[in-house]
Amino acid sequence: MYALLRSLRTNRRLLLDLVGRDLKARYVGSTMGFFWSVIFPLLNLLVYMFVFSFVLKTRWGSQSNEETALVMLCGILVWSAFAETVSRSTNTLIENQNLIQKVVFPSEVLPVYLTLSALVNMLIGVVIALAAIAWYAWIAPVDVAQPELSTSVRQIGYGVALCALPVLMALQALFTLGLGLFFATLNLFVRDVYHLMGVGLSVWMFLTPIFYPAKAVEAAGLGWVLTINPMYWLIDSYRLVLMYDEWPRPPVMAAFAAVAVVVFCIGSAFFMRHKPRFPDLM
Amino acid sequence: MTTRNTSITGADSSREGGAGGSALSCRGVSKAYRIYDKPWHRVAELLLPGKRMHREYWALRNVYLDIPHGATVGIIGENGAGKSTLLKVLTGITRPTEGTVAVHGRVSSLLELGAGFHPEFSGRENIRLACSILGMSDEEIAERYPKIVEFSELADFIDRPVKTYSSGMYVRLGFAVASSVDPDILIIDEALSVGDEHFKGKCINRLNEFREQGKTTIFVSHDMGAVKTMCQWVVLLDRGEVLEQGTAEKVADEYLKRAKARGNERLSAINRGTNQYPRWGTGELLTEEIEMLDAQGNAGHVFKTGEPFRVRVHWTAHKAARNPVFGLGMYRSDGTYVNGANHHWRRQPIVLEEVQAGETGVVEMRFDAMPLLAGQYYLTTFLYDHSKAAPTAIDHREHAVTFEVVDAERMQHGMLFLPSHWSVERKRGTEVLRAESEA
């Protein structure tokens, strides 16, 4: 792990260039360019709202449609950054085998730049989400469903709690990168990992309350699924911070931090241990 | 394209500082690749660390090399001899399984020009990115950028995406970047065989500059001629082992001997399957075995430029025939017609008035010196009835034998060796100096 951090320090220039290249590649090839990063999550949101709220009539309790949309939006932003990074990282060594086999290349920068690039992209989405939240908080206020067992009155809006955002993002990066490093390495041993990843990630997405309320899961007696799902802890914390100006719950944060650190240690150790063999495994 | 300043140590060997005066040295370097019969064996081995599920393939065995500073060294060998593996080990891309490699200085290798270019990005952006992959700092990039553009001669296209470049332009940009690193040790893997003549010339100039600055160059190729013109010292690799190393002349002989043996093996396999080519005629007489013999009378299909050789065509008459004429056509592998001749169209023609059914014989065509330069060629045999005004085919065999010409001397380029005389005259005031060369 120490070797990994040191290499990132040495190669920070390259890392920044790669992130810049990737962000540009997202927008350069298409005519609409930058706007895709705005339009894409919104389109996604519309589709999921339509399917879950109108077709499947998912019960969000007393929550208004506007609040539901914001809840979904936060979930989609965080989840897509996570899923995209893990899935791209899994294939990144194979995709760049030209570099790994022909050049002395610090391959550990690959999953790192993917993680950073996805986070920057997510941040753009978050800014748009904040604009939408501001609209419903202060310009066209909507009613908010009050959580049970709560003493204070919950309202849409953000404030000081946004200070927790960098912490959330840092922990998310650690968790995502750990998985990315792990699966990138594993994929060299078994190429099927990349394909399994696609299925695995969509199963995981539907097990995470992004498009339906967590209460629905608890009501079905499957609360333990949420208890063991770190991505739920994370997304839920993001929602508190971005939408309600509430601080993330300390036990949840502590648990996520612990999981993120452990995953990162395992992932980076696995990656660095097999790194000398990468050119031979292709 | 790599930069490094360290010594790499194999898994099972002790660390070593490296020999004093050498730029690059290998001590007993071996490299084994693991071969798995089934893909899941890899996973099984990963999960059960004690278990061995692979076979080993030794791409390099016990290689010792000492390359002094400022030397230009050629590494030569057939496909699969271990050249690429040796390069990967020398550049540090992969680690040796056993032994140590010590490198003193910054290595830049041209294993693949333009590795890592992104097609959607402009030449400018790709130069930046490639330079940062090579480990250059911002200042270094800013300083070298104009030189790279100038050398690549792509200033007009530098803001267009690389995907719109021709392959020649791509290679030019790649070479310009890779050679701008200003390395102490430059490793070239036949990368220069691409690009147009003008750019090739520029590349060779740049390599010569490197040499004049006392930098170490390692040149890898399977073309003996190219290595010989570039390098003073040559290492011959075969099946992962250093078979011989020494002066270019010494190793070239050994290499040609082996290339001949290998070529003969390969070509006799090809020649056994020649009936895929067209053959036509009335068939009164049929040509059979076609032998090619060298000066010592050994049959084979590989010849050296300048050595005497003979072609012997065996034949059998199945019916009587009048005035049959045997001929031979020589073609380069791309179909270029080099020469055609027969025993009738000569100042002293041989005329076979009447051939009876059941006769057999041999036609021989002798050459004092092989006039062809290195390359692959083939023979077409002609057997025509010249009793009529316009000759008709009795047995015409297209592409009857394939053969190869090797050339260690490389004194002339092209397809044919043309014996010529040269003289150079110099006038210095009233004094006239004249130098003559007969061969």
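Quick note on labels: first sequence line is chain A, next is B, and so on, each numbered from 1.
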Margin query: With a sphere of 6.0 Å drawn around CZ of Arg191(A), does it hold more than 12 non-hydrogen atoms of other residues, nucleotides or ligands?
Written below: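 Atom CZ in Arg191(A) is packed in, count exceeds 12.
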
Checklist line | Heavy-atom closest pair, residues Ile100(A) and Ile93(B) | finding: O-CG2, 3.4 Å

Next item on the list: With a 4.5 angstrom heavy-atom cut-off, could you sort out which part of Phe189(A) is near chain B: side chain, backbone, both or neither?
Entry: both

Notebook entry, point to check: What part of Leu188(A) gets closer than 4.5 Å to chain B, counting heavy atoms only: side chain, backbone, both or neither?
Noted result: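 Just the backbone, heavy atoms under 4.5 Å.
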
How many angstroms lie between atom [atom1] of [X] and atom [atom2] of [Y], to the nearest 0.5 angstrom?
{"X": "Ser132(B)", "Y": "Leu18(A)", "atom1": "OG", "atom2": "CG", "value": "6.5 Å"}
{"X": "Asn126(B)", "Y": "Arg21(A)", "atom1": "CG", "atom2": "CZ", "value": "7.5 Å"}
{"X": "Cys131(B)", "Y": "Leu14(A)", "atom1": "SG", "atom2": "CG", "value": "11.5 Å"}

Can you give the donor-acceptor pairs under 3.5 Å from side chains of residues 271-282 of chain A to other protein atoms, not counting sequence neighbours?
| from | atom 1 | to | atom 2 | distance (Å) |
| --- | --- | --- | --- | --- |
| Lys275(A) | NZ | Glu108(A) | OE1 | 3.1 |
| Asp280(A) | OD1 | Thr94(B) | OG1 | 3.0 |
| Asp280(A) | OD2 | Lys31(B) | NZ | 2.6 |

Checklist line | Under 4.5 Å from any heavy atom of chain A - which part of Arg128(B) | finding: both

